[in-house]
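Reviewing the structure listed below.
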Amino acid sequence: MHNLAVFASGTGTNFVAIAQASASGKLDARVAVMVCDKPGAAVIERAKEFGIETFVFSPKSYASKAAYEAEIVKLLDDKKIDLVCLAGYMRIVGETLLQAYEGRIINIHPSLLPSFKGAHAVEDAVAYGVKVYGITIHWVNADLDGGKIIAQRAFPYEGSDPAEVHRIGQKIEHELYVETINKLLCAR
Ligand code: GAR
């Protein structure tokens with residue numbers, strides 16, 4: 001059985017999709033820990049409902065990114081984590097975590113990369129008048145949203161409502177993330 005760590009900062013619908021797939025056996029892996037950089041985020045309650053251990057930290061209370069990432073690396077090592085899945089973790093992964101885990105960290109992003117990198121991908125794409133949207137899962141490296149692409153799924157949308165794009169996109173995210181994690185773990 002493989003061990004996953006899911007990193008999230010917000011609502012956690014992707015976290016829930018992964019945890020549910022793990023609980024039902026659809027995903028051949030267990031979520032060993034959920035890491036969250038936002039005390040009070042809804043995802044923390046979701047993790048508790050699934051009985052999944054959480055590591056919640058406040059970046060401001062550390063002297064540096066290296067300091068909190070060193071603690072995260074120790075935790076991931078202790079839990080023997082095979083794959084780190086960023087799921088709405090709205091923080092740039094730094095050198096300390098990358099040095100220890102590069103090649104074992106993936107991210108899900110709400111655009112067809114390399115278009116629309118960054119924290120406002122859907123809003124930026126709508127403002128641009130995009131007609132084909134999509135979701136990307138990619139390896140995480142030092143280049144923001146720039147790592148090699150693992151999976152993508154596109155969908156057409158002709159309107160101009162970012163909330164609707166998010167709704168359509170998130171349904172796709174939940175399926176694509178579970179499928180992709182399974183494929184990556186099978187290949188190991
Ligand atoms: C997801 O839609 C994910 O694609 C996005 O954050 C959302 C988190 O939702 N990630 C990024 O924008 C990363 N740049 P969730 O908390 O409901 O899983």
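We count ligands from 1, going down the list as the structure has it; atoms in each ligand are counted the same way.
When hydrogens are left out, the protein atom nearest atom 17 (O) of ligand 1 is T13 OG1, 2.6 Å; that is the closest non-hydrogen contact. Protein heavy atom in closest approach to atom 10 (N) of ligand 1: I108 O, 3.7 Å. Nearest protein neighbour of atom 9 (O) of ligand 1, counting heavy atoms only, is Q170 NE2, 3.0 Å. The protein atom (non-hydrogen) at minimum distance from atom 8 (C) of ligand 1 is G88 CA, 3.6 Å. Among protein heavy atoms, atom 5 (C) of ligand 1 sits closest to P110 CD, 3.9 Å. Annotation: atom 14 (N) of ligand 1 to nearest protein heavy atom, H109 ND1, 3.2 Å. Of the protein's non-hydrogen atoms, the one nearest atom 4 (O) of ligand 1 is E173 OE2, 2.6 Å.
With ligand atoms numbered from 1 in the order given, ligand 1 contributes 14 (N) to contacts under 4.0 Å with heavy atoms of G118. Every atom of ligand 1 is numbered from 1 in the order shown, and the set under 4.0 Å from a heavy atom of M90 is 11 (C), 12 (O), 13 (C).
Considering backbone and side-chain N/O atoms, F15 never comes within less than 3.5 Å of an N/O atom of ligand 1.
At most 12 heavy atoms of other shown residues, nucleotides or ligands fall within 6.0 angstrom of atom NZ in K80.
Hydrophobic clustering keeps L86 apart from V6 (ILVMFWY residues linked when any side-chain heavy atoms are closer than 4.5 Å, directly or through intermediates).
Looking only at distances, no side-chain donor or acceptor of T180 sits under 3.5 Å from a matching main-chain atom of A151. Looking at T54, its side chain never comes within 3.5 Å of a backbone N or O of M34 through a donor-acceptor pair.
Here K74 does not pair with E71 in a salt bridge; the nearest charged N to carboxylate O distance is not below 4.0 Å.
Under 4.0 angstrom from ligand 1, there are no non-hydrogen atoms of H166.
Ligand 1 has at least one atom lying under 4.0 Å from a heavy atom of G12.
Looking at N14 and Y89, their side chains never bring a donor and an acceptor atom within 3.5 Å of each other. Of the N and O atoms on the side chains of H166 and E123, at least one donor lies less than 3.5 Å from an acceptor on the other residue.
By the 30° and 60° cut-offs, the orientation of the rings of Y68 relative to Y62 is perpendicular.
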